4 protein chains.
Amino acid sequence: MSKTLKKIGVMTSGGDSPGMNAAIRAVVRTCAYHEIECYGIYRGYEGVMEGDFVKMDARSVKGIINKGGTVLKSARSKAFRTKEGRQLAYEKLTEAGIDGLVVIGGDGSFTGAMVFNSEFDFPVMGIPGTIDNDIVGTTHTLGYDTALNTVVEAIDKIRDTASSHNRLFFVEVMGRDVGHIALNVGVGAGAEEILIPEEDLGLDRLIDSLKRSKASGKSSSIVVVAEGDKIGKNVFELKDYVEENMTEYEVRVSVLGHMQRGGSPSCFDRVLASRMGVKAVESLLEGKSNYMVGLKDDIIQITPFDQAVKGKSKINKELLRVSDIMTV
Amino acid sequence: MSKTLKKIGVMTSGGDSPGMNAAIRAVVRTCAYHEIECYGIYRGYEGVMEGDFVKMDARSVKGIINKGGTVLKSARSKAFRTKEGRQLAYEKLTEAGIDGLVVIGGDGSFTGAMVFNSEFDFPVMGIPGTIDNDIVGTTHTLGYDTALNTVVEAIDKIRDTASSHNRLFFVEVMGRDVGHIALNVGVGAGAEEILIPEEDLGLDRLIDSLKRSKASGKSSSIVVVAEGDKIGKNVFELKDYVEENMTEYEVRVSVLGHMQRGGSPSCFDRVLASRMGVKAVESLLEGKSNYMVGLKDDIIQITPFDQAVKGKSKINKELLRVSDIMTV
Amino acid sequence: MSKTLKKIGVMTSGGDSPGMNAAIRAVVRTCAYHEIECYGIYRGYEGVMEGDFVKMDARSVKGIINKGGTVLKSARSKAFRTKEGRQLAYEKLTEAGIDGLVVIGGDGSFTGAMVFNSEFDFPVMGIPGTIDNDIVGTTHTLGYDTALNTVVEAIDKIRDTASSHNRLFFVEVMGRDVGHIALNVGVGAGAEEILIPEEDLGLDRLIDSLKRSKASGKSSSIVVVAEGDKIGKNVFELKDYVEENMTEYEVRVSVLGHMQRGGSPSCFDRVLASRMGVKAVESLLEGKSNYMVGLKDDIIQITPFDQAVKGKSKINKELLRVSDIMTV
Amino acid sequence: MSKTLKKIGVMTSGGDSPGMNAAIRAVVRTCAYHEIECYGIYRGYEGVMEGDFVKMDARSVKGIINKGGTVLKSARSKAFRTKEGRQLAYEKLTEAGIDGLVVIGGDGSFTGAMVFNSEFDFPVMGIPGTIDNDIVGTTHTLGYDTALNTVVEAIDKIRDTASSHNRLFFVEVMGRDVGHIALNVGVGAGAEEILIPEEDLGLDRLIDSLKRSKASGKSSSIVVVAEGDKIGKNVFELKDYVEENMTEYEVRVSVLGHMQRGGSPSCFDRVLASRMGVKAVESLLEGKSNYMVGLKDDIIQITPFDQAVKGKSKINKELLRVSDIMTV
């Protein structure tokens with residue numbers, strides 16, 4: 001390690017996700033291990049521009065590895081998208097002597113970091129923190145595994161009541177423009193259909209499939225709908241359409257909502273956060289910049305920001321086939 | 001025990017709730033213990049009228065004490081509200097030799113049982129199964145305690161993300177016309193305000209309270225809204241109103257929905273179900289009829305159906321005051 | 001409220017239990033509500049004697065209602081059992097201007113408070129915090145309900161593997177000298193036998209019962225053993241005895257241990273903690289002293305310390321019978 | 001698919017693990033999808049030799065994807081290790097017309113399958129089901145991810161009480177001869193030390209490390225001990241040794257035990273089970289035999305049995321370093 005850096009700042013930015021606290025802890029402790037100072041920055045880029053920093057040592061992050069949310073709070077910043085905002089950010093960081101930055105967030109946050117780096121040659125590393133798993137360069141984003149478990153447990157509960165009443169449930173899950181969450185929880189919860197933005201099943205085939213499922217002896221059905229799905233304008237309209245076109249079921253809708261973003265992180269997410277935090281700091285210390293750390297083939301590797309923010313990570317199409325087979 | 005009864009039928013009726021399976025198990029095993037035959041009836045009164053019965057013994061209910069939903073399925077029946085429906089039900093029961101009935105359900109189901117009893121002098125006992133806790137004659141209905149835990153855990157997760165982003169969340173919870181769930185989870189999750197049908201806070205005072213809360217240094221707020229609350233037409237309109245009248249927070253809505261009805265019952269609900277099941281069967285065997293079993297002062301006691309279905313159980317107003325103090 | 005008190009101290013003492021943090025929060029906020037100063041005292045009576053106090057306001061207890069353990073830490077103190085220790089404690093409290101004390105703990109802690117009160121006429125109130133539920137004057141101690149759920153969930157998991165392998169499990173649960181936890185989780189988890197200190201089943205009858213259970217077609221069995229049970233010298237010796245005297249099962253032992261004391265409190269415990277905290281502070285403000293707050297007939301009531309520490313609360317014998325019937 | 005096979009048998013063998021039911025479901029439904037008959041075999045090889053088979057169709061496996069344990073039950077078989085036992089097994093399978101076998105279990109079960117295949121040229125495929133993750137040829141065995149979460153949640157609870165009392169806890173976790181579980185939960189739960197069979201820390205260095213940790217201001221410590229660790233003869237002796245050699249902490253032991261094998265599978269394990277079940281059946285249909293399905297680089301791939309049963313999968317040594325850094 002060259003250790004030319006003296007003070008590293010860490011922040012969480014964009015939507016929060018379980019494991020962000022574990023990643024903050026890992027960044028702070030890796031700094032302590034390498035005897036580098038570490039500053040926490042509140043509310044993402046907003047806090048950078050306001051100079052809202054707090055010095056953190058190994059003990060500051062005690063007892064947070066298992067907490068949802070982020071102790072540094074998060075925000076989306078419009079001001080940082082302006083040249084003036086970034087100039088101000090640079091001044092605040094320089095003033096505080098911070099000479100390297102770890103950004104825990106999603107692709108929007110990384111784009112900001114990349115622009116900032118290009119303008120001020122400021123060392124930045126990213127840790128992908130989002131439940132949506134929509135980022136290229138890592139098989140798993142921080143919080144994704146936890147969200148899968150949260151959603152599957154919620155659908156298990158809905159299944160209890162669905163099968164007690166022979167009902168059809170449309171369950172809308174998060175995931176922005178990608179179907180990772182929907183596809184995995186659909187398989188994991190044994191959903192009869194999974195509607196994701198990457199595949200257009202079509203309303204007719206949905207109705208056909210549900211009728212076939214009912215005819216085959218199933219008394220209840222769960223259809224998982226990704227929030228980004230385009231089949232119906234939204235999940236309530238979908239319900240109306242189905243009710244008009246088939247009478248076999250009572251139909252209900254459940255929009256799982258923001259509880260999907262919270263909760264104590266899974267063991268996987270805690271371990272991932274720890275590994276990523278170590279790698280992010282040590283990469284900065286090795287003089288690297290402008291990369292995102294990620295998991296590829298179960299190994300922590302780094303990907304240049306410009307690749308990470310280009311496009312969305314692809315779903316595993318094998319799972320669509322697995323789902324089809326499972327709903328035979 | 002007189003044991004003049006020879007075959008007891010058991011069913012679940014109306015909305016399902018966690019603990020119903022534990023109650024079915026208790027009814028079946030208490031019959032086995034007293035060497036009475038027991039029949040499970042599918043889909044509530046619908047199944048009675050269809051003669052959809054299954055003989056159950058102690059082993060039939062193996063492994064269900066911890067399962068949500070109801071293995072006997074549940075339904076709401078229009079036909080049973082007619083004289084013809086009830087006549088048919090009587091015939092089917094008589095045909096099968098069933099001479100006593102345990103109905104696990106809510107006040108609607110008990111009203112049905114009461115009418116049926118008055119018409120045919122058929123022995124009936126009720127076990128209150130609903131998450132809403134809205135029934136007179138018991139401090140706790142089956143499933144209520146489990147639902148409180150399910151909701152509090154969901155709000156804990158929402159709190160994670162709310163406090164990461166300085167947001168105000170309106171969380172709509174179940175409870176039909178009463179505020180029991182909202183009031184308890186509001187206190188249990190540390191909500192800033194609790195909106196229940198029993199109390200009209202008024203929109204102005206809500207806004208005042210939220211502004212005061214924000215001014216006192218709170219960075220996020222949770223407002224728990226009972227589904228039966230009348231303050232705004234619904235929770236989304238409430239959100240719009242608040243957004244128009246205060247700018248301190250980003251506002252979000254979460255409608256927890258049907259997951260509140262499912263899940264593995266809490267220890268309390270399993271024990272309660274077991275005690276109620278024993279009492280229901282043994283009351284029938286003692287020649288009693290037309291009562292609901294319930295918990296009063298921690299003792300299992302019985303209440304005549306006509307009292308149980310009259311009105312709704314009252315909320316504990318002490319909790320409103322506790323909530324006020326806690327949000328100082 | 002007379003409000004002659006100006007500064008109230010709050011501490012947790014003895015074994016910790018879920019809900020202690022919620023109770024601390026309630027005490028602190030009730031003080032804030034009544035505009036009384038509040039001081040947290042670290043490590044129970046140890047901290048009193050060391051003057052280890054921290055001023056707390058409404059914001060100090062933010063975000064702890066759902067956390068297990070106790071932010072004030074807890075301890076058992078030998079020094080406070082001496083006259084010198086209590087003299088020192090009195091001096092430290094007086095020095096800091098603290099003129100009333102809320103002790104969250106078990107009967108040992110209450111005995112200490114009672115002696116301290118009698119010697120120095122110092123106003124004290126107790127909140128029963130222990131998972132064991134062994135205290136007279138309250139149907140529920142803080143943490144008991146949470147522990148029941150923790151244990152039942154653990155036994156559900158053990159049941160999964162027990163029934164996959166036709167095994168007999170002895171599961172030792174906490175509860176000190178009383179059988180409350182064992183009895184309730186035994187019923188709640190569907191245990192075949194429940195061994196508690198209040199009832200001596202006898203080894204012969206245990207063997208008989210297990211043989212009968214096996215003969216009746218059960219493929220696996222769970223026996224819940226209270227840690228205070230006296231049937232065998234300990235649970236491992238019990239295993240040996242059973243293995244020597246019946247060959248029908250493979251036998252395994254699981255001692256659940258300290259995980260029973262932790263975890264996020266149930267909704268019930270959070271609400272109970274809030275109610276008790278309000279009552280404890282307001283009782284002090286009304287000039288009362290030397291009482292424990294408790295739940296009786298679902299109402300928060302107070303009981304003189306000398307009654308609360310006399311003996312152990314009785315188990316509900318009805319549950320023994322319910323368990324017998326359920327294992328028919 | 002050649003579909004020369006007509007009847008596939010599926011069984012669970014050895015220690016059970018969460019996800020086995022999901023794998024059974026996947027095997028059964030993949031057979032149904034390809035219009036092959038499927039038979040469930042009870043109690044592993046014991047059931048093969050007894051001809052204890054049950055025909056299963058898509059509906060037979062309804063509602064089991066989220067259940068711990070195995071509906072087919074499991075066993076370890078001595079008789080199958082004899083030539084006579086295997087001869088009998090072959091006859092029973094042939095008699096029933098079963099011409100292919102999917103074995104869900106660990107390396108011992110695969111060795112049995114391999115020998116059986118070599119003797120009778122009987123088509124066999126394996127699915128690795130064990131929480132220990134000790135099998136070569138897959139990065140994840142079925143149940144491992146679930147067990148990690150179960151253990152981490154238990155240690156979180158122990159941490160609550162440990163930090164309330166300034167205690168040192170030795171927590172023994174499962175894993176047989178390998179340290180996968182210990183290492184991951186150690187990092188995930190923020191343990192101060194992790195003792196695994198793959199690394200001999202030595203008692204002196206353990207004491208040093210704990211003293212250093214205490215000196216650095218930590219008030220409590222968790223040491224995770226793999227059951228296969230050799231540092232002390234067992235975890236209780238370890239406790240004694242530490243108590244004799246340092247007085248800074250009260251020391252406690254918790255042996256988590258069999259609850260680690262149970263519980264509802266995580267989303268990851270349910271998806272993995274579904275993918276593995278599809279692959280196992282389709283591999284048989286393609287004429288393959290004597291392979292284990294596994295996850296490598298996030299893709300389902302097959303590994304010859306003889307490679308899978310050779311040695312134990314290696315721990316990720318990077319995690320030892322991450323753990324060191326995190327406990328700075």
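To find a chain, count down the sequence lines: A is the first, B the second, and so on, and within it residues start at 1. Remember, predicted model here, so these are calculated numbers, not experimental data. Any value given below was found using the heavy atoms of this structure, including those in side chains, with hydrogens, waters and symmetry copies removed.
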Identify whether the distance between the nearest side-chain nitrogen and carboxylate oxygen of [X] and [Y] falls below 4.0 Å.
| X | Y | value |
| --- | --- | --- |
| D/Glu318 | A/Lys279 | no |
| D/Asp324 | A/Arg29 | no |
| A/Asp298 | D/Lys296 | no |

With a 4.5 angstrom heavy-atom cut-off, could you sort out which part of [X] is near chain A: side chain, backbone, both or neither?
| X | value |
| --- | --- |
| D/Ser264 | side chain |
| D/Leu148 | both |
| D/Thr30 | both |
| D/Val278 | side chain |
| D/Leu272 | neither |
| D/Asn316 | side chain |
| D/Glu153 | neither |

(request) Mind running side chain to side chain contact (heavy atoms under 4.5 Å, CB included) on D/Glu35 and A/Val328 for me, showing each step along the way? (result) CA-CA 10 Å; D/Glu35 299 176 346; A/Val328 64; over 6 Å; no

Ignoring hydrogens, what is the shortest heavy-atom contact between [X] and [Y]? Give both atom names and the distance.
| X | Y | result |
| --- | --- | --- |
| A/Ile65 | D/Gly188 | CD1-O, 3.5 Å |
| D/Val152 | A/Cys267 | CG2-SG, 3.5 Å |
| D/Ala189 | A/Arg270 | CA-NH1, 4.2 Å |
| D/Asn149 | A/Phe268 | OD1-N, 4.4 Å |

(message) Which one wins on heavy-atom pair count under 4.5 Å against chain D: A/Val187, A/Asp145, A/Asp156?
(response)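 Highest number of pairs under 4.5 Å: A/Asp156.
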
(message) Which one wins on heavy-atom pair count under 4.5 Å against chain D: A/Ala26, A/Ala22, A/Ser323?
(response) A/Ala26

(request) Under 4.5 Å heavy-atom distance to chain D, tell me which part of A/Leu319 shows up: side chain, backbone, both or neither. (result) side chain

(request) Identify which part of A/Arg59 has an atom lying under 4.5 Å from any heavy atom of chain D, answering side chain, backbone, both or neither. (result)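 Just the side chain, heavy atoms under 4.5 Å.
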
(message) Tell me which of these, D/Gly186, D/Ala58, D/Gly190, D/Ala273, has more heavy-atom pairs under 4.5 Å with chain A than the rest.
(response) D/Gly190

(request) Specify which of D/Val322, D/Asp269, D/Thr327, D/Asp297 makes the most heavy-atom pairs with chain A at under 4.5 Å. (result)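 The answer is D/Asp297.
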
(message) With rounding to the nearest 0.5 angstrom, report the NZ to NZ distance, D/Lys62 to A/Lys218.
(response)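 One finds 10.0 Å between NZ of D/Lys62 and NZ of A/Lys218.
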
